[in-house]
Amino acid sequence: MQWDMDREIGALLLKGIQSRAYPFGLATCPGCTLPLSHRLLETGTSSPVTHYGISGIEDIDECLVRTHNCGEGFVCENTVGSFHCNPKLKCVSGFTQDSHGNCIDINECSSLSEPCTSGSTCINTVGSYTCQPKTIMCNQGYNSSPDGTKCVDTDECQMGIHHCGVSQICQNLPGSYRCECQTGYHYDTFRKVCI
């Protein structure tokens, strides 16, 4: 039977089950195993410690006996039944502490769910990130959509980038345009004008 809560250990003591103290290992009793962070005190072997109002259970201070695994850049803080490793130094925004206490860059591109819009690519920088518009290559007569996800037709007529003559009418086509003469005129291919 395995216990991970102090109250269960205390309930066991109330039933009169006792054990010798094993400060750095598992304390055993008939049909039970205690976690490494506690030890039972046999009645009369040392002064009883009261825990949750029950005498005979003592928390092992892993920080004091140096059985913790906090790295060099951390300070051990004992808690009931365990311990916490608190960083000695605080890292600036965009950085986090590794297991050795060093401040390392956070890769926001992989740690945030959607750091940029669908038309942008996330680029991690030291302590931050940037969103760069996606660039897609489009065929002549097409350009990238505002969100950068697809190619759309360029309306040369509306944008005024056509080569139609003054007397001609520009008509947009998918990926291109056509110059037409106004009603009643026809195109002279030699002079390249409507007559």
Side-chain angles (χ1 to χ4, degrees), residues 1-136 146-149:
M1 182 189 289
Q2 176 75 39
W3 283 289
D4 57 8
M5 296 177 69
D6 296 329
R7 277 179 273 202
E8 294 179 46
I9 297 167
L12 180 66
L13 282 176
L14 288 175
K15 292 180 183 175
I17 300 171
Q18 298 172 339
S19 173
R20 294 191 183 278
Y22 293 94
F24 302 109
L26 293 174
T28 58
C29 57
C32 68
T33 304
L34 290 177
L36 288 169
S37 58
H38 291 86
R39 62 181 171 189
L40 292 176
L41 300 175
E42 188 173 350
T43 306
T45 58
S46 66
S47 54
V49 176
T50 302
H51 186 64
Y52 291 115
I54 300 170
S55 65
I57 299 175
E58 180 182 39
D59 175 59
I60 295 175
D61 186 340
E62 295 85 358
C63 303
L64 184 66
V65 297
R66 300 194 184 280
T67 57
H68 63 85
N69 60 355
C70 296
E72 210 174 285
F74 293 86
V75 176
C76 180
E77 177 189 353
N78 188 53
T79 62
V80 176
S82 189
F83 63 92
H84 289 290
C85 297
N86 298 321
K88 284 182 184 175
L89 303 172
K90 297 288 181 190
C91 297
V92 295
S93 178
F95 291 84
T96 189
Q97 231 169 10
D98 66 10
S99 61
H100 302 290
N102 301 314
C103 291
I104 57 169
D105 178 54
I106 297 171
N107 185 344
E108 294 85 358
C109 297
S110 60
S111 64
L112 300 176
S113 61
E114 289 184 38
C116 300
T117 62
S118 62
S120 299
T121 301
C122 183
I123 299 173
N124 189 51
T125 61
V126 178
S128 188
Y129 69 97
T130 60
C131 295
Q132 189 174 54
K134 288 181 182 175
T135 53
I136 58 173
D147 65 1
T149 59

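Below, all heavy atoms of this structure are taken into account, side chains as well, without hydrogens, waters or symmetry copies. Please read these numbers as outputs of a predicted model, since none were measured by experiment.
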- Message: Please report whether the SG atoms of Cys70 and Cys76 are separated by less than 2.5 angstrom.
- Response: no

- Query: Going from OG1 on Thr67 to CG on Asp61, what distance comes out if it is rounded to the nearest 0.5 angstrom?
  - Reply: 8.5 Å

- Note on the structure: Taking every heavy atom of Val126 against every heavy atom of Phe95, the minimum-distance pair comes out as CG1-CZ, 3.7 Å

- Can you name the nearest heavy-atom pair linking Gly94 to Glu108, along with the distance? CA-OE2, 3.9 Å

- Message: Holding to side chain to side chain contact (heavy atoms under 4.5 Å, CB included), I want the full list of residues that pass it with Thr117, two or more places apart in sequence or in another chain.
- Response: Ser120

- Could you pull out all residues at least two apart from Ser128 that satisfy side chain to side chain contact (heavy atoms under 4.5 Å, CB included)? Thr125

- Task: Output the distance between atom CD (Gln97) and atom SG (Cys91), rounded to the nearest 0.5 Å.
- Result: 4.5 Å

Please report, to 0.1 Å, the donor-acceptor pairs under 3.5 Å made by any side chain of residues 109-116, with sequence neighbours excluded.
residue : atom : partner : partner atom : Å
Ser110  : OG   : Asn107  : O            : 3.2
Ser111  : OG   : Asn107  : O            : 3.1

- Note on the structure: CG (Asn124) and CG (Asp105) are apart, to the nearest 0.5 Å, by 4.5 Å

- Query: Would you say Asn78's side chain and Phe83's backbone share a donor-acceptor pair under 3.5 angstrom?
  - Reply: no

- Item | Thr79 OG1 to Glu62 CD distance, which is reported to the nearest 0.5 Å | 7.0 Å

